[in-house]
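The structure under discussion appears below in the form of structure tokens.
Below, chain A is the first sequence line, B the second, and so on; all start at residue 1. Heavy-atom basis, side chains included; hydrogens, waters and symmetry copies ignored.
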Number of protein chains: 2
Amino acid sequence: MTAKLASAKSLIDAANPLDPATLADLPPRERILIASRELFYQQGIHPVGVEAIAEAALTNKMTLYRHFKSKDELIVAHCTQLAAEGDAVWDRINADNPNDPEKRLTAWVNHVEDVVTNRFERGCALANAAVELQPHHPARVVIETYKARKRDQLVKLFRAAHYKKPEMTADEVFLLFEGARISIQCGGKQMALRVVKMLRDLLANAPRKTPVEKR
Amino acid sequence: MTAKLASAKSLIDAANPLDPATLADLPPRERILIASRELFYQQGIHPVGVEAIAEAALTNKMTLYRHFKSKDELIVAHCTQLAAEGDAVWDRINADNPNDPEKRLTAWVNHVEDVVTNRFERGCALANAAVELQPHHPARVVIETYKARKRDQLVKLFRAAHYKKPEMTADEVFLLFEGARISIQCGGKQMALRVVKMLRDLLANAPRKTPVEKR
DNA sequence: AGATGATGTTACCGATCGGTACCTATAGCG
DNA sequence: CGCTATAGGTACCGATCGGTAACATCATCT
């Protein structure tokens, strides 16, 4: 058990989502999506068969195909679910820090710290899916619009915080985060951890229109 | 044809590597590795069968298995080849700019510009492979040592150029590049292009031990 | 010419894949 | 009770996968 327990309030539940007790009372479609998220993330999309997903979801292949016309459609639903969860994290950051771009930014960095330290040993599930899926796969547009939305949200936040170059700063922050998550899988766990300090330095030192009072 | 022709001297040949005339006089093992590089990059590793590789290499499955004991061993050789090619690019940058860390840095950024603009629509082939392969796959260590070597080479270069924080600056540059390449596949082509300006700004503005004269 | 080793060709194996047909069991509801 | 819709179970299909056996072909070297 390397992860510190209760290190910081996390924005994502960490209980084993494949625990039978956790799944028991959920409808089949939700169980299938939970199982997909777990298996796809751990093993990738192509190596995981629909039968394995059905078993992990405590059901069978026929029920799976009653809810999803094909594996490709399941993949789209899976990516849509991941995007919705990412949006929910962002919404919660905003709701917890109403009308305060400054605190929202630091809350987002804290979330990044949580992500690269305690969770997601295989990086960003949506980026991984984009790597595995051909450019014409219908799930790709879900991923691309999600990533574009994340970047735009960061731009607006930096603009609200009166940074001089909100687009530029958002792009830097965005790319550093993406780079850190892909590097986790390329052995750069230590480097991925250093991204948190980089982000905090960047937020503190990037030029602003009006200087911010020290806290 | 969007790519500018002869935009800048590229460090990588761009001729179609699967052209029969290109392959004709090469020994089977090299043809197989060339075909693997192309097919694995365009379609990913898992979706590409050994038969398809053999056909693209103008040979057959038996000859492939005479040179590689298994598909996994071929994958390892494929990743080793990619790492060697990446090292060759770096060596050439160094050889073209002897004993001049400053010019080496700008040459490296020019290479990055070439990569994100004219080539590699599917990002870094080694990072993609890491995404597809399970953590225990023997090719993963090849990828991880390569990525660590790249980062260390950047650190040494920034140290030679008398940057105040060579590790920190190298990490930033490395993560920005990695983030840009993974973002290419997530629809962020435009953002990936902006990474060049970020890198040039970063090189120009990161603190140094001794200021550099204007050119 | 003869021998040798690498390569090309075809056919095949067992396993697994995505997807479907068919039937049973169960739960809600009148 | 009986009706209906959903879910579980089993068996199966055609296609493809990684990998192998056996044989034909070819170039090379002595």
Return the value, rounded to whole Å, for the distance between atom [atom1] of [X] and atom [atom2] of [N].
| X | N | atom1 | atom2 | answer |
| --- | --- | --- | --- | --- |
| L64(B) | dC17(D) | CG | C1' | 14 Å |
| L74(A) | dC17(C) | CG | C1' | 15 Å |
| E30(A) | dA7(D) | CD | P | 12 Å |
| L39(B) | dC17(D) | CG | P | 12 Å |
| Y65(B) | dC17(D) | OH | P | 11 Å |
| Q43(B) | dC17(D) | CD | P | 10 Å |
| L26(A) | dA7(D) | CG | P | 13 Å |
| D72(B) | dG19(D) | CG | P | 7 Å |

Problem - No-hydrogen, no-angle side-chain donor-acceptor test under 3.5 Å, Q153(B) and K150(B) - result: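 There is such a pair between these side chains.
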
Practice task
Indicate whether the side chain of Q185(A) and that of N128(A) have a donor and an acceptor atom separated by less than 3.5 Å.
Solution key: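 There is such a pair (donor and acceptor under 3.5 Å, judged by atom type) between the side chains of Q185(A) and N128(A).
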
Checking [X] side chain against [Y] main chain: does a donor-acceptor pair fall under 3.5 Å?
| X | Y | result |
| --- | --- | --- |
| Y41(A) | R122(A) | yes |
| R181(B) | G123(B) | no |
| R140(B) | A130(B) | yes |

Exercise for the section: For side chain to side chain contact (heavy atoms under 4.5 Å, CB included), just list the numbers for V131(B) and I182(A), CA-CA rounded to whole Å, side-chain angles, deciding distance to a tenth of an Å, and then say yes or no. Expected result: CA-CA 8 Å; V131(B) 168; I182(A) 193 65; 3.6 Å; yes

Exercise for the section: Starting from the first five and the last five pairs of the helix from dA1(C)-dT30(D) to dG30(C)-dC1(D), work out the angle between the resulting helix axes, to 10 degrees. Expected result: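 The end-segment axes of the helix from dA1(C)-dT30(D) to dG30(C)-dC1(D) are tilted 0° relative to each other.
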
Problem - Most 5' of P47(A) and K69(A) on DNA chain C, judged by nearest nucleotide - result: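 Closest to the 5' end, via its nearest nucleotide, is P47(A).
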
Practice task
Quick one: pull up CG in L105(B) and CG in N110(B) and give me the separation to the nearest 0.5 Å.
Solution key: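 L105(B) CG to N110(B) CG: 11.0 Å, rounded to 0.5 Å.
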
Problem - D91(A), CG: over 12 other non-hydrogen atoms inside 6.0 angstrom - result: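 Check passes, neighbour count above 12.
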
Exercise for the section: Could you tell me whether D152(A) and K156(A) have a side-chain N and a carboxylate O separated by less than 4.0 Å? Expected result: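 Answer for the salt bridge query: no.
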
Which atoms of nucleotides 3-10 of chain C (N or O only) lie under 3.5 Å from a protein N or O atom, and what are those distances?
from, atom 1, to, atom 2, distance (Å)
dT7(C), OP2, H67(B), NE2, 3.1
dG8(C), OP1, R31(B), NH2, 3.2
dG8(C), OP2, T59(B), OG1, 2.6
dG8(C), OP2, T63(B), OG1, 3.1
dG8(C), N7, R66(B), NH1, 3.4
dG8(C), O6, R66(B), NH2, 2.6

